[in-house]
Amino acid sequence: MPRLAINGGTKTIDRQLGKDWPVFGDIEREHLMEVLESGRWWRGGGDAETSKVTRFEQAFAQFQDAKFGVAITNGTQAIECALKAIGIKPGDEVIVPAATFVATATACILVNAIPIVVDIDPANYQINPEAVEDAITQRTVGIIPVHYGGYPCDMGAVLEIAERNGLWVIEDAAHSHGSLWNGQGCGSIGDIGSFSLQMGKTLTSGEGGICITNDEDLAKMLFSYHHIGRFEGRPFYEHHIVASNLRMTEWQGAVLLGGLTRLEEQAETRDRNARYFEDGLREIDGVSPIERDDWVTRWNFYFYHFKFHSEQFGGISRERFVEALGAEGLSVGSGHLHPIQKNPLFTERNWGPACFGDNEPPDYAAIDTPECQRILDEEGIALNHRLFLGGTEDMDLMLEAIRKIRDNVDELR
Ligand SMILES: Cc1ncc(COP(=O)(O)O)c(C=O)c1O
């Protein structure tokens, strides 16, 4: 009789784990009704202090340990806005990791800069500081490290390299709301931090984004670049720089103020459950957790990664393991491990109207990031953050499913 569900055995997990996403409640309902009935559906046209967007900007910046926040339409435009505010010029090179969502790099192209893609560290799946160092040229102006999956990357090394080479750092913190690097909120460590507030993220208004910074001058430029070139305190129809409208609506501010009241508790729950899950993973042959670096004070992940090792898991492929796990009732994925430079937009050089001054982008088809590719093909397993919002009994069930496959791996050969 087969035991594995993929062969007709009983499924290990036959109920929902964690929570439905997004989580919402009466706070959002009240805030949304307030906006509806106030007739003030955008942040203008009233006292700035009472705008839901303004209140969200202030509260979120403070939550992440930054002085200033500028809410933006989405996370892609938040990176674009940050690049403009920091003074990007055509042909400037910006170093980005291979494991991320494509927007980290395409935001650079959208402002006529050239993303230079580097490999990740196989220990923690984050941008590899040695690869960053090797990629620096005379044209390099900055680094966009990503706290990939919400895991705080090695900001100590990134900042040191940046300082030594006169580069700026924009943290792509789209996955790391509530994550702490040495006790400090991700996104508040470099010059600017950008966040996505899109539906899947751990704080969301369906779509949305925000930039945070501790630098007042950068905050002023972020404000202007998101507000059609206006300067705060100047007449409304006085425009100082060429800029788009990237303003967030009051509806989004209303929903985000609600979500923010739950973020601390959700971050603690995810981190606590993940640590429990990690202890369990260490007891099963052929899988292992990402061992947390000393600087990881809290990991509030967007997706949680663990490692699969075929040789110690009866020699089956990662693909087969994923199939078997799915049949046991645990659906897993690859996160954003597909090396971004392998997308057709890079290999076929579909830059659209972008112009790069005297410098053309490199031949991305020839850029290999072997660790990122190997981890995608053979090792990395991603779990959705919502699975970790329940109790430890959910962790036990996930571990039981993995253990069952390991114990009965002969059925898969
Ligand atoms: C790392 C990263 N950066 C930027 C973005 C872009 O955010 P948005 O989808 O809000 O434009 C995403 C979206 O998933 C992301 O994962």
Side-chain angles (χ1 to χ4, degrees), residues 21-22 53 56 60 64 69-84 94-111 113 115 117-118 120 124-127 142-153 155 158 169-179 186-187 189-190 192-212 225-226 244-249 251-253 255-256 259 299-305 333-341 343 345 369 372 376 380 382-386:
W21 192 257
V53 174
F56 167 68
F60 184 73
Q64 295 292 141
V70 177
I72 310 272
T73 37
N74 58 58
T76 306
Q77 287 175 318
I79 303 172
E80 272 181 70
C81 191
L83 285 161
K84 288 177 189 163
V94 178
I95 299 173
V96 303
T100 181
F101 183 61
V102 73
T104 313
T106 47
C108 299
I109 298 176
L110 284 163
V111 294
V117 184
V118 301
I120 54 172
N124 59 16
Y125 296 2
Q126 304 302 313
I127 192 167
I143 310 168
I144 309 187
V146 179
H147 302 293
Y148 173 63
Y151 184 101
C153 71
M155 283 303 290
V158 169
V169 176
I170 295 174
E171 297 169 72
D172 184 342
H175 300 173
S176 55
H177 322 63
S179 285
C186 285
I189 308 154
I192 301 177
S194 72
F195 293 78
S196 165
L197 303 165
Q198 173 272 338
M199 182 74 180
K201 304 301 182 320
T202 58
L203 179 65
T204 181
S205 46
E207 298 281 3
I210 185 166
C211 288
I212 61 172
Y225 273 114
H226 105 297
S244 194
N245 170 5
L246 307 178
R247 293 186 303 263
M248 177 182 272
T249 67
W251 309 108
Q252 289 160 291
V255 172
L256 290 163
W299 182 9
N300 182 39
F301 41 88
Y302 167 48
F303 33 68
Y304 178 87
H305 278 299
S334 315
H336 293 337
L337 283 170
H338 299 84
I340 50 169
Q341 78 279 11
N343 277 288
L345 89 90
T369 46
C372 188
L376 169 72
L383 294 166
N384 190 285
H385 66 87
R386 64 162 197 81

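Counting starts at 1 for both ligands and their atoms, in listed order.
For the residue pair Lys201 and Ala174, the shortest heavy atom distance occurs at CD-O, 3.3 Å. Among all heavy-atom pairs drawn from His147 and Cys186, the shortest one is CD2-CB, 3.7 Å. Nearest heavy atoms, Ser179 versus Gly150: OG-O, 2.6 Å.
Remark: the backbone N or O of Leu345 is not paired with any side-chain donor or acceptor of Asn343 at under 3.5 angstrom.
Within ligand 1, the atoms closer than 4.0 Å to a non-hydrogen atom of Asn74 are 10 (O), 11 (O), numbered from 1 in the order shown. Contact atoms of ligand 1 toward Thr100: 1 (C) (distance under 4.0 Å to a heavy atom of the residue).
Judged by the shortest distance from any of its heavy atoms, His336 lies inside the 4.0 Å radius around the atoms of ligand 1. The closest approach between any non-hydrogen atom of Glu207 and ligand 1 is not below 4.0 Å.
In this structure, atom 16 (O) of ligand 1 lies nearest to the protein heavy atom His175 NE2, 2.6 Å. Ranking the protein heavy atoms by distance from atom 14 (O) of ligand 1 puts Lys201 NZ, 2.7 Å first. Remark: minimum distance from atom 2 (C) of ligand 1 to any protein heavy atom is reached at Ala174 CB, 3.4 Å. Of all protein heavy atoms, the one lying nearest to atom 5 (C) of ligand 1 is Phe101 CD2, 3.7 Å.
In terms of N/O distances under 3.5 Å, ligand 1 is approached by Gly75. Ligand 1 has an N or O atom lying under 3.5 Å from an N or O atom of Asp172, backbone or side chain. Not one N or O of Gln198 is nearer than 3.5 Å to an N or O of ligand 1, by distance alone.
Note on ring orientation: taking the six-membered ring where Trp is involved, the planes of Trp299 and Tyr151 are perpendicular (angle over 60°, cut-offs 30° and 60°). Ring planes of His175 and Tyr148: tilted class, angle from 30 to 60°.
Using a 4.0 Å cut-off between heavy atoms, Thr76 contacts ligand 1 through both its backbone and its side chain.
Using a 4.5 Å heavy-atom threshold, the side chains of Val94 and Pro115 count as separate.
With Cys81 as the partner, the side chain to side chain contact (heavy atoms under 4.5 Å, CB included) test is satisfied by one option alone out of Ile72, Ile192, Val70, Thr76: Ile72.
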